[in-house]
Structures are given as C-alpha cells and as structure tokens.
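Read the structure below first, then the notes.
One-based numbering along the sequence shown.
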Amino acid sequence: MTPPHIPTMNRRGFLTLATAGAAGALFSVSIGPLSVAHADDSPSPVTPGSSVRKRELRAMWIASVVNINWPSRTGLSADELKAELIGWLDLAVSYRLNAVFIQVRPTADAFWPSPLEPWSKYLTGTQGGDPGFDPLAFMVDEAHARNLELHAWYNPYRVSMDTNRDALVPEHPARVHPEWVWPFGGKLYFDPGLPEVQEHIYAAILDSVAKYDIDGVHFDDYFYPYPVAGQTIPDAATFAAHGAGFTDIGEWRRHNVDTFVRTISERIKQTKPWVKFGISPFGIWRNRTTDPLGSDTNGSQSYDGQFADSRKWVLEGWLDYINPQIYWQIGLAVADYAKLAPWWAAVAKASNTQLYIGEAVYKVTSGAFTDPAELSNHLSLDAQLAASGLPVHGNVYYSSGDVRTNALGAMSRVRDDHYAHPALIPTMPHLPAVAVRQPVLSRAAAVAAGTELQWQDTGPARTKATSFAIYRAPGSVRSVDTEDARNLVATVRTQGGTVQRWIDTTADPGTTYTYVVTALDRLWNESSASTARTTGN
C-alpha cells in the first residue's frame with residue numbers, strides 16, 4: 001500500500017446510482033462532544049476518549065512489494081520466512097486486531113504455486129525461484145490459528161517495478177504477450193483496455209480463491225497508474241481498437257476499470273460466495289469544486305487520476321466493503337479526516353456496503369502526524385459517526401512495520417483507548433450464513449494458569465462452528481450480557497471435533513467469574529449463548 005498523493009504532499013513509493021444524490025449532499029453532524037462540520041464550517045477539535053465496540057474490523061496491511069514488510073529481505077530460508085510471518089501475525093494479536101491484509105500478488109507474480117504467473121522475486125530474490133514451501137497456504141493456516149481473517153491483497157495491473165521486460169522469466173505472460181504491456185513512470189503495466197489482459201488477471205486471482213481458504217480478496221489504490229509529469233499513458237492504439245462508443249479516453253478508461261471490478265466481484269462469488277471483496281482506493285473520489293457530489297477537499301482525485309470511480313463501485317453494490325485511504329489528519333485544510341470520514345460513511349450507507357477506513361500509521365513514524373493521539377482521535381470520531389447513524393465498520397493500518405515501530409506510542413494509545421477488548425468482525429447479511437448451534441459449556445474451573453473452560457459444539461457437521469466467542473462477568477451471576485463488549489474476553493478458532501478447551505490466562509486467581517460461550521460461523525454470525533457456568537460450580 002504505497003501512501004497516496006495530494007498536492008503539496010509527497011507520495012511514498014444493492015442500490016444503484018439512482019440513490020447517489022443523498023451521498024453527495026451537504027450536511028453537518030453534531031455528535032456529542034464532537035462536531036463534524038461541512039460546507040464552509042471548520043470542524044471543532046475531537047474530544048479524546050475511549051470507545052468499546054463489540055463488532056468492528058481491526059486490520060493491518062502487510063506489504064511484500066520491494067520487501068516493505070514481509071519478507072524483510074530476499075534470500076531468507078523457508079524457516080526464516082515462516083518465522084517472520086508468524087512475528088507479524090503475533091503483532092496483530094498483541095494489538096487485538098482481528099484481520100490481516102497480506103500482499104500475495106504484488107507485480108503479476110505469486111506467493112503461491114500459480115500455473116499462470118511465476119513465484120515472486122520478493123520471496124527468494126529471483127523471479128520464479130521456489131521458496132521451498134507454499135507461503136499462501138502457510139499464511140492461511142497461521143492466520144486462522146489465531147482467529148485472524150486473511151484478506152489476500154492483489155495488485156491487478158502492475159507487472160514490474162522497472163521497465164526491463166527481459167528481466168522477467170521467459171514464460172512470464174508479459175514476455176509471451178509483449179503486446180499486453182506498456183511502460184509508464186519507470187514501471188511496466190498490463191494494459192487495462194485489452195479484454196485478453198482482463199481475462200488473464202481474473203484467472204490469476206481466481207486460481208488462489210479456488211485453491212485456498214482465504215477470507216477476502218483485496219485491492220489497493222492502483223488501477224491506471226498515478227499521473228507522472230510530462231508522461232502520457234501509452235494506450236491510444238488500444239483506445240482506437242477497443243474504444244467504440246466512447247469519445248473521451250478518460251471515460252473509456254473508467255469503463256475498463258468498472259468492468260474489471262464488476263466482473264471480478266461476480267466471479268469471486270461464483271467461485272466461493274462467502275469470500276469478501278473489497279478495495280482500498282485513494283481517499284478522495286472527487287472534490288466538491290469539481291463535482292457537487294464530491295467531498296469538501298482540494299486534493300488529487302482518483303476518479304480523474306487513476307480512472308477509479310470508487311463511489312460508483314459502492315453505490316452499484318459491487319463491493320462487500322470499501323476501505324478508503326483517509327491518510328490525513330483532522331483539520332488538514334486540503335483533505336480533512338473529519339470531513340472525509342462522514343462523506344464516505346454516507347456513500348457506503350446508501351448501498352449497505354461496509355466502510356473500513358485506511359489509517360496512515362506511517363505518518364506518525366515519519367513525523368507528519370505530531371500528535372500522539374491523532375489516530376486514537378480518528379477512532380473516536382468514527383465511533384461517534386457510527387452512533388449518529390453513519391456507520392464506520394472498522395479501520396486498517398498502513399503499514400505493519402509502522403504498527404511495530406509504534407512511534408510516539410500512537411498505536412499503543414489506539415489499543416488502550418479503543419481495543420481494550422477483542423472484537424468480532426461485523427457480519428455481512430448478504431453473504432451465506434451457517435446456522436451454528438448454541439454450545440454446551442460444561443466446565444469453568446480455576447487452574448494454575450487461570451480458568452479452564454470446556455465446551456461442546458453440538459451441531460452436525462454442516463453447522464459446525466468456525467470459532468467461538470467467550471464472555472466473562474465478575475462474580476456468580478445467572479447470565480452474562482453478550483451485547484456488552486466489555487464482557488468479551490476472547491475469540492478462539494475451533495480445534496476440530498466436538499470438545500473444545502481453552503484457558504483464560506487473564507483471570508485473577510481467587511476471583512469468581514461467570515462465563516458463557518457462543519459459536520461463530522466463518523462470517524462471524526453468532527449463536528445464542530450457552531448456559532452460564534461459574535468457576536467453582
């Protein structure tokens with residue numbers, strides 16, 4: 001996830017459109033101590049505070065391109081690669097995140113044995129070099145063992161981080177079909193206007209969807225490449241050959257991307273209906289000065305710059321979630337987080353698409369965000385927007401390396417203010433649910449390490465739970481409120497079989513607790529709670 005670009009800032013490496021008007025209207029929202037003002041008003045400061053939400057997505061991006069995060073470098077052994085990845089997953093758990101977005105196709109290559117594209121050079125240092133294990137299979141297993149959702153992250157069109165086509169392996173599709181690619185801005189790209197290119201990319205991505213138990217397919221902000229001064233995208237010949245019905249090349253390019261997004265969405269669901277599909281576009285669709293439906297901003301516009309009509313994708317219902325990169329601080333004149341978050345929330349709400357906001361942890365590391373509470377304030381604002389009827393369903397942090405750095409203690413503050421308890425991922429009612437059964441909690445006993453729980457998953461094979469949520473209340477009580485997020489102490493993956501065991505190591509010795517357990521399907525739909533059981537009873 002390369003941080004995006006707006007003027008004056010550097011860039012590091014199912015309702016239809018008939019409902020669109022409401023999402024672009026001017027509005028002012030007053031929510032408790034926070035006032036989010038639009039049009040000509042300036043937002044008042046966010047009052048710092050904590051929030052506890054039972055359901056929200058909490059994720060981080062793990063980037064593989066040019067070895068940004070994982071692998072940290074090329075030439076590592078299989079065991080070293082595995083150990084590094086486990087370190088990133090354990091980092092996610094330590095911050096009480098519940099998902100990871102890991103880049104598995106950074107440059108028309110693969111982090112799995114793909115029949116269509118070579119092994120990524122970011123694994124071994126040599127494109128086509130076998131790393132000695134299947135990284136995608138390993139990350140699925142290890143993420144799920146920690147009950148983290150795994151969203152596999154793909155870059156659709158980028159072929160290479162340089163223009164040397166001869167450096168690609170001879171069997172690379174860009175070598176076999178040189179007419180499919182063009183250079184731009186020092187990189188090679190597949191031509192999005194060629195139908196045969198689109199079919200190749202669909203097949204490359206869907207190969208992994210079909211073969212692996214991933215939870216989501218994820219794209220970032222790269223579609224047509226970001227503009228480069230003095231350069232023109234070299235697709236005039238493609239436009240002449242395939243642009244029938246279009247007089248404007250920009251409209252044709254947007255049509256190409258729209259077709260790609262709609263088609264991959266449909267084919268993912270045809271392959272596995274439960275796999276989520278989401279995109280993390282640049283944080284500004286269009287500015288209101290350009291389009292009255294746009295946001296009150298003055299930055300670069302993805303609609304015009306990358307030919308990415310991200311607002312349309314949401315309103316047409318092509319996505320399960322939208323994850324805009326709102327990489328700016330509250331009060332920044334050119335692109336104010338406090339104006340963009342409500343704008344995106346209104347767009348997403350119009351089609352019941354979930355909204356996850358991309359957060360720029362790297363800007364704390366770089367010093368651009370000087371307030372240690374900046375990120376925590378973002379989540380306070382998001383929670384209050386949700387309470388006002390403009391849901392923000394979660395946040396994704398770029399990048400995992402900056403989460404680990406924890407500059408200014410900013411991520412620790414996010415955890416302490418907002419992630420003091422685990423959270424379930426929001427359900428998606430339009431995706432297929434499993435009628436998981438109420439578990440039978442048979443034991444809650446104090447042991448040396450804490451409190452040992454034992455329960456049974458009583459359903460038949462077709463309704464077996466994917467994971468379980470464990471709730472705890474102090475004292476001996478008749479029931480535990482499972483809607484109170486403060487009572488959620490853990491989610492754990494099923495161990496297989498009927499009998500499940502888990503030890504609550506956070507339980508204070510000598511303290512009496514009452515527990516209940518619920519069952520969750522793979523999409524986090526929850527059963528009713530088990531009968532309560534108190535330690536010592």
Side-chain angles (χ1 to χ4, degrees), residues 52-58 93 96-99 140-150 213 215 274 421-429 431-508 511-537:
V52 181
R53 301 170 67 188
K54 175 180 170 177
R55 288 190 180 270
E56 62 181 341
L57 180 115
R58 307 167 178 175
V93 170
R96 299 190 185 94
L97 307 184
N98 51 27
V140 167
D141 289 345
E142 292 296 327
H144 287 172
R146 292 158 178 79
N147 213 24
L148 298 167
E149 273 200 349
L150 174 66
D213 189 23
D215 300 292
W274 58 88
H421 297 267
L424 308 186
I425 291 176
T427 59
M428 292 184 172
L431 299 184
V434 173
V436 288
R437 299 286 184 90
Q438 175 191 55
V440 175
L441 179 58
S442 56
R443 174 180 169 85
V447 296
T451 300
E452 182 183 73
L453 304 184
Q454 181 174 304
W455 66 92
Q456 289 78 43
D457 183 358
T458 60
R462 67 180 182 278
T463 64
K464 289 292 184 184
T466 298
S467 60
F468 301 90
I470 300 161
Y471 299 85
R472 182 185 75 194
S476 178
V477 295
R478 295 183 62 184
S479 63
V480 180
D481 183 0
T482 59
E483 292 308 308
D484 187 339
R486 296 169 297 179
N487 292 333
L488 180 62
V489 291
T491 71
V492 296
R493 202 75 171 186
T494 183
Q495 300 162 15
T498 299
V499 178
Q500 310 289 315
R501 293 180 177 86
W502 178 77
I503 295 178
D504 180 6
T505 59
T506 68
D508 293 329
T511 300
T512 297
Y513 296 100
T514 302
Y515 291 86
V516 298
V517 178
T518 63
L520 304 165
D521 72 1
R522 68 170 302 136
L523 291 165
W524 302 82
N525 296 289
E526 188 174 31
S527 74
S528 56
S530 68
T531 300
R533 191 164 286 276
T534 301
T535 53
N537 292 344

May I ask you to decide if [Y]'s main-chain N or O and [X]'s side chain share a donor-acceptor pair within less than 3.5 Å?
X      : Y      : result
Asp457 : Ala465 : yes
Lys464 : Gly496 : no
Glu452 : Arg501 : no
Asn487 : Asp481 : yes
Arg533 : Leu441 : yes
Thr505 : Gly450 : no
Thr498 : Gln456 : no
Tyr515 : Val480 : no
Thr512 : Ser476 : no

Can you find a pair of side-chain heavy atoms, one from Ser530 and one from Trp455, that are under 4.5 Å apart?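 Counting from C-beta outward, Ser530 and Trp455 never come under 4.5 Å.
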Would a 4.5 Å heavy-atom cut-off, applied to side chains only, mark Val93 and Leu148 as touching? yes
To the nearest 0.5 Å, tell me how far [X] [atom1] sits from [Y] [atom2].
X      : Y      : atom1 : atom2 : value
Leu431 : Arg522 : CG    : CZ    : 10.5 Å
Arg146 : Asn98  : CZ    : CG    : 15.0 Å
Arg55  : Trp524 : CZ    : CH2   : 8.5 Å
Gln500 : Leu453 : CD    : CG    : 11.5 Å
Arg53  : Arg58  : CZ    : CZ    : 9.0 Å
His144 : Asp215 : NE2   : CG    : 3.5 Å

What is the minimum heavy-atom distance between [X] and [Y], and which atoms define it?
X      : Y      : value
Thr518 : Pro439 : C-CG, 3.8 Å
Ser467 : Arg493 : CB-CA, 3.9 Å
Trp502 : Ala490 : CZ2-CB, 3.5 Å
Arg478 : Ala532 : O-CB, 3.5 Å
Ala444 : Thr451 : C-CG2, 4.2 Å
Val492 : Asn147 : N-ND2, 3.8 Å

No-hydrogen, no-angle side-chain donor-acceptor test under 3.5 Å, Thr514 and Thr534: yes
Regarding Arg472 and Thr506, is there a side-chain donor-to-acceptor distance under 3.5 Å anywhere?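 Yes, because at least one side-chain N or O of Arg472 sits under 3.5 Å from a partner of the opposite role on Thr506.
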For Gln438 and Thr458: C-alpha separation, side-chain torsions, deciding distance, then whether side-chain contact (heavy atoms from CB on, under 4.5 Å) applies. CA-CA 7 Å; Gln438 175 191 55; Thr458 60; over 6 Å; no
Given Tyr471 and Leu488, is the side-chain contact (heavy atoms from CB on, under 4.5 Å) satisfied, shown in steps? CA-CA 4 Å; Tyr471 299 85; Leu488 180 62; 3.8 Å; yes
Audit row: Trp274, Val434, side-chain contact (heavy atoms from CB on, under 4.5 Å) steps and yes/no: CA-CA 11 Å; Trp274 58 88; Val434 173; over 6 Å; no
Only counting residues at least two apart or in another chain, list the ones meeting side chain to side chain donor-acceptor pair (under 3.5 Å) with Thr427. none
